[in-house]
Amino acid sequence: MGGWRDMSAEALEDHYSPSRWSPRLDRDTIIDAHLAVTAAGTERARASGQALLHVPYGDGDGEKLDIYFPTEPSEAFPALVYIHGGYWQCMSKDDSGFAAPPLVSQGVAVVAVDYDIAPKGRMDTMVLQVRRSLAFLVQHYPRIRGIYLCGHSAGAHLAAMVLSTDWTEFQVVPDIKGAVLVSGLYDLEPILHTYVNDALNMSREEAQRNSPMRLVTPAVPPACEVLVAVAQHDSPEFRRQSQEYSQALRAAGWSVSVLDLAGVDHFDVIERLSEDSYVLTQVILNMISRA
Ligand SMILES: N[C@@H](CC(=O)c1ccccc1NC=O)C(=O)O
């Protein structure tokens with residue numbers, strides 16, 4: 001799967017370091033800036049609306065989620081479940097509410113999910129936790145009608161793993177109507193050979209069984225709609241992964257659109273979800289209102 005096997009170790013490291021590809025900020029400041037912007041946006045969202053914070057969805061310390069309710073909640077409302085990025089080793093739900101304001105004002109709840117990042121959490125655990133958080137929402141919040149997944153980077157990977165879930169092992173089948181996968185990774189094998197795996201410590205088997213690219217199942221109607229979004233200034237490897245995953249889903253009968261977002265990099269592609277007028281915000285609202 002892909003020409004990454006022919007790359008030098010240095011090139012592979014480069015391609016899997018999103019901070020090196022932005023024309024906007026240099027690599028030493030862009031991640032701190034991202035953490036600052038997402039944390040401040042989350043604080044704003046918590047201060048301006050009705051939020052239920054730190055709701056446990058399991059027994060583990062890290063198994064908590066935040067719910068941002070619609071400003072004018074109706075009897076039943078859709079929810080967007082946001083899964084944060086950070087290469088499975090940084091960030092949390094406390095930086096993950098920034099997308100709420102433009103959505104809650106349009107009647108959509110936003111749920112920000114925590115999972116045990118590495119080194120505490122292993123890849124199998126993180127995937128299971130995110131799946132269980134969805135089952136929890138269905139069981140405890142019957143007013144939620146229709147779930148939309150949204151993940152950024154490593155979070156898009158986890159969202160894609162949710163799409164491949166066999167729900168017979170859970171008590172419920174969540175009604176996932178759509179998924180918005182932003183600048184994600186869908187084949188974990190290349191990162192085994194980079195610094196990213198230092199904290200994850202995945203074996204090849206672990207990487208393979210957690211690679212959505214290898215788990216594409218035939219679409220089952222009513223198929224959920226998948227939007228695969230990528231930033232203009234994502235690395236060629238990130239862009240290739242999005243392209244190949246969307247092609248694989250489409251070949252299996254899924255309803256997939258690809259959105260190549262101009263003028264943004266790996267970080268502001270998601271930060272700008274805090275803006276009502278950003279194209280991706282509008283596309284998400286559109287997807288939800290069509291269903
Ligand atoms: N060391 C990485 C960090 C990174 O990829 C990242 C940082 C914060 C939020 C998301 C990220 N990417 C994927 O999850 C880099 O070079 O950009």
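Counting convention: from 1, in listed order, for ligands and their atoms alike.
In summary, Arg240 and Glu237 engage in a salt bridge, as defined by a charged side-chain N under 4.0 Å from a carboxylate O. Using a 4.0 Å cut-off between charged side-chain N and carboxylate O, Arg204 and Glu189 make a salt bridge. Of the charged side-chain nitrogens involved, none lies within less than 4.0 Å of a carboxylate oxygen, so that Glu169 and Arg131 do not count as a salt-bridged pair.
At a heavy-atom distance under 4.0 Å, only side-chain atoms of Ile31, from C-beta outward, approach ligand 1.
Ligand-side atoms of ligand 1 in range of Gly86: 8 (C), 9 (C), 10 (C), 11 (C), 13 (C), 14 (O), range being under 4.0 angstrom from any heavy atom. Taking every heavy atom of Pro18 and a limit of under 4.0 angstrom, the matching atoms of ligand 1 come to 2 (C), 5 (O), 15 (C), 16 (O), 17 (O). Atoms of ligand 1 lying under 4.0 Å from any heavy atom of Ser19, numbered from 1 in the order shown and given with element: 15 (C), 16 (O), 17 (O). Each of the following atoms of ligand 1 lies closer than 4.0 Å to a heavy atom of Phe267: 6 (C), 7 (C), 8 (C), 17 (O).
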Check residues 111-120 and write down every donor-acceptor pair under 3.5 Å in which the side-chain atom is one partner and the other belongs to a residue at least two apart or another chain.
residue	atom	partner	partner atom	Å
Asp114	OD1	Lys93	N	2.7
Tyr115	OH	His84	O	2.7
Tyr115	OH	His84	ND1	3.3
Asp116	OD2	Gln129	NE2	2.9

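Between His266 and the options Phe238, Tyr16, Trp21, a ring-ring contact (aromatic ring centres under 6.0 Å, His included) holds for only Phe238. Evaluated for a side-chain contact (heavy atoms from CB on, under 4.5 Å) with Ile147, the options Asp175, Val138, Val162 yield exactly one hit, Val138.
Tyr87 CD1, 3.8 Å is the protein heavy atom nearest to atom 4 (C) of ligand 1. Protein heavy atom closest to atom 12 (N) of ligand 1, with residue, atom name and distance, is Ser153 OG, 2.9 Å.
The shortest N or O to N or O distance between His266 and ligand 1 is below 3.5 Å. For ligand 1, none of its N or O atoms has an N or O atom of Met91 under 3.5 Å away. At least one N or O atom of Tyr195 sits closer than 3.5 Å to an N or O atom of ligand 1.
Distances from ligand 1 to the non-hydrogen atoms of Arg20 include no value under 4.0 Å.
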(request) Report the C-alpha separation of Asn210 and Asp124 in whole Å, then their side-chain angles, then the decisive distance to 0.1 Å, and conclude whether the side-chain contact (heavy atoms from CB on, under 4.5 Å) test is met. (result) CA-CA 7 Å; Asn210 287 295; Asp124 292 321; 2.9 Å; yes
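Nearest heavy-atom pair across Cys224 and Ile176 is CB-O, 3.0 Å.
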